[in-house]
Amino acid sequence: METRKPENAQVAAAVRDFTQKGCRDDVLRIAKEDLGLGYPKELAALYAESGWQVDRCKKFSSIMRADSDRELLQMLADGGFNPYQMQLLANYYGKGVPVAQLRDVGAKNLTAYDMEQALKRIYQANRETETEKAGESPESKDWQEKIVSLTEELRQREKELEEQQEINNKQASESAGLRIKAEDLEKQVRELEQEKAGYDSEKRSILEERDRFYQQSQVLMREKEQLIADIEEVQKEKDEMGQRLKEMESKVLTGTVETQAAGQARSGQQTAGEQTVAGGSEITAGRQMAEPAGSDYFAAIRGRNGERHLVPVERSVRRKPDGLKVFAEKLFGRGRQDSGLIKQLTGKGLNPAQMEQVRMAVQAGLTEKEVNDLIDSGFSAEEMAQAVEIVVAEKAYQ
């Protein structure tokens, strides 16, 4: 095949065209070299635009440079042969096997070994045909010598082809190994990308959760501050109530001392103050303020409607149930001495200050169980007052 050196502009234009059509860089270098040697663009395009692996492109280029004609190159490009098969077909083309016979063998989709055996048979048959045509002419001896020479050359070429096939097989094995490694790497990359996407999603979730915790902490801080303020307010009210309780106990004690003094002053005049009234008898004011026998002092207690009662209290003698009923009647009013609360008070030995705290607990809205627990607590009057304040504050927060 005659070639002529092209202009650099033509080579550059052809290279750009191959590049736009997706030709790889390693194949592009082979095509650029062939174009620089003067081979036509349409022949270089047979492998440059085919998407072949580089070993097939190199083999096609070497056959093209061996002065093979276009028909053979087109057959090699269309047949989908591997490098060894390409070289095998080119070799038998060089021995004189026509392209038509080579195409018939290539179309059978044979392995390299079976293709070589078929080509040998065709080559041998062609030689026998040529021998028969030559007959016994004087040129037969020359033909025989040529055949021997060609046979020897064929064996040498076959040996070279076998060596090349081994190299090709080794390269194919290495290529397969590299392909497997590349697939493994691609798989690892995909897995890493998936893990990264999962980490990003988890990171977003953590940030969102952190924001929620921050908002909740802010709410809790505000609630804490409000609770502290409420506790301080309750403590203030508690201190004020304790102060009022102390003032009340002081007033009760003061009234008791005054009552005792007045009773002792009028103790000699009790009988003279009695008067008889039609329909019954009436106790005078002096009699009403007299101290009962066996009493140590009086306690001033306010009733349900705000009226004031002087209740005698024994210092050391435990009040009997009947006396406690009378005391409860004075404290809470008539009609409740038979209730569950009266039964609970019976026999507890509470002093007037403690009984006053029980009354305040009832007015504050404590349940019957809570009042009973207060009665059974054994607290002093001041401790009872504090307990009532705590229960009322707890109910307010609920």
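Gln354 contributes a side-chain N or O that, together with a main-chain N or O of Asn351, makes up a donor-acceptor pair within less than 3.5 Å. Of the possible polar contacts, one joining the Arg56 side chain to the Phe81 backbone as a donor-acceptor pair under 3.5 Å is found. At least one donor-acceptor pair under 3.5 Å links the side chain of Ser205 to the backbone N or O of Ser201. With Glu370 contributing its side chain and Thr367 its backbone, the two residues share a donor-acceptor pair below 3.5 Å.
Donor-acceptor pairing under 3.5 Å is lacking for the side chains of Lys238 and Gln386. The closest side-chain donor-acceptor pair between Asp239 and Gln243, if any, does not fall under 3.5 angstrom. Between the side chains of Gln188 and Asp184, not a single donor N or O lies within less than 3.5 Å of an accepting N or O.
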Please table the atom pairs, donor to acceptor, closer than 3.5 Å between any side-chain atom in residues 214-223 and protein atoms at least two apart or in another chain.
from: Ser217; atom 1: OG; to: Phe213; atom 2: O; distance (Å): 3.3
from: Ser217; atom 1: OG; to: Tyr214; atom 2: O; distance (Å): 2.5

Pairs under 3.5 angstrom only: tabulate donor-acceptor contacts from the side chains of residues 371-382 to other protein residues two or more places apart or in another chain.
from: Asn372; atom 1: ND2; to: Glu368; atom 2: O; distance (Å): 3.2
from: Asp373; atom 1: OD2; to: Lys369; atom 2: NZ; distance (Å): 3.2
from: Asp376; atom 1: OD1; to: Gln344; atom 2: NE2; distance (Å): 2.7
from: Asp376; atom 1: OD1; to: Lys348; atom 2: NZ; distance (Å): 3.1
from: Asp376; atom 1: OD2; to: Gln344; atom 2: NE2; distance (Å): 2.7
from: Ser377; atom 1: OG; to: Leu374; atom 2: O; distance (Å): 2.7
from: Ser377; atom 1: OG; to: Phe379; atom 2: N; distance (Å): 3.2
from: Ser380; atom 1: OG; to: Glu383; atom 2: N; distance (Å): 3.3

All N/O donor-acceptor pairs, side-chain side in residues 97-124, below 3.5 Å, sequence neighbours left out:
from: Gln101; atom 1: OE1; to: Asn126; atom 2: ND2; distance (Å): 3.0
from: Thr111; atom 1: OG1; to: Asp114; atom 2: N; distance (Å): 3.3
from: Thr111; atom 1: OG1; to: Asp114; atom 2: OD2; distance (Å): 3.2
from: Glu116; atom 1: OE1; to: Tyr84; atom 2: OH; distance (Å): 3.3

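Cluster annotation: Leu89 and Leu150 are assigned to the same hydrophobic cluster (Ile/Leu/Val/Met/Phe/Trp/Tyr, side-chain heavy-atom contacts under 4.5 Å, transitive). At a threshold of 4.5 Å between side-chain heavy atoms, the hydrophobic network of Ile, Leu, Val, Met, Phe, Trp and Tyr places Phe60 and Val54 in one connected group. Clustering ILVMFWY residues whenever any of their side-chain heavy atoms sit less than 4.5 angstrom apart, transitively, puts Ile63 in the very cluster that holds Tyr39. Hydrophobic clustering (side-chain heavy atoms under 4.5 Å, transitive across Ile, Leu, Val, Met, Phe, Trp, Tyr) groups Tyr47 together with Leu37. No continuous path of hydrophobic side-chain contacts links Met384 to Ile390 [ILVMFWY only; heavy atoms under 4.5 Å].
Interatomic distance, NZ of Lys187 versus CZ of Arg190, reported as 8.0 Å (0.5 Å rounding). Between the NZ atom in Lys170 and the CD atom in Gln165 there is a gap of 14.5 Å [rounded to 0.5 Å]. In this structure, CD1 on Ile30 lies 12.0 Å from CG on Leu35, to the nearest 0.5 angstrom. Distance check: Leu46 CG to Ser61 OG gives 11.5 Å after rounding to the nearest 0.5 Å. Annotation: the span from Glu240 atom CD to Lys236 atom NZ amounts to 6.0 Å, rounded to 0.5 Å. Atom-to-atom distance recorded for Leu28:CG and Thr19:OG1 is 4.5 Å, nearest 0.5 angstrom.
The shortest distance between side-chain heavy atoms of Lys196 and Glu193 does not fall below 4.5 Å. Using a 4.5 Å heavy-atom threshold, the side chains of Gln85 and Leu76 count as separate. Ile231 places none of its side-chain heavy atoms less than 4.5 Å from the side chain of Val234. In this structure, Asp26 and Arg29 have side chains that are in contact, with non-hydrogen atoms separated by less than 4.5 Å. Arg359 places a side-chain heavy atom less than 4.5 Å from the side chain of Glu356. Here the side chains of Glu33 and Arg65 are in contact, with some heavy-atom distance below 4.5 Å.
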Dump the intermediate steps for side chain to side chain contact (heavy atoms under 4.5 Å, CB included) on Glu195 and Leu192, then the final yes or no.
CA-CA 5 Å; Glu195 290 181 3; Leu192 289 174; 4.0 Å; yes
Asn82/Asn168 under side chain to side chain contact (heavy atoms under 4.5 Å, CB included): CA gap, chis, key distance, verdict
CA-CA 9 Å; Asn82 61 39; Asn168 292 337; over 6 Å; no
Steps toward side-chain hydrogen bond (donor to acceptor under 3.5 Å, both in side chains) verdict (Asn91, Gln87)
CA-CA 6 Å; Asn91 290 340; Gln87 188 63 57; 2.9 Å; yes
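Residues Val27 and Ala48 approach most closely at CG1-CA, 4.1 Å, considering heavy atoms. In terms of heavy-atom proximity, Met64 sits nearest to Asp34 at CE-OD2, 3.4 Å.
Shown here is Lys395, whose NZ atom has more than 12 heavy atoms of other residues, nucleotides or ligands within 6.0 Å. For Lys32, the NZ atom is loosely surrounded, since the number of other residues' heavy atoms within 6.0 Å does not exceed 12.
Using a 4.0 Å cut-off between charged nitrogen and carboxylate oxygen, Arg157 and Glu160 count as a salt-bridge pair. Between Asp17 and Lys21, at least one side-chain nitrogen of the basic residue sits less than 4.0 Å from a carboxylate oxygen of the acidic one, meeting the salt-bridge criterion.
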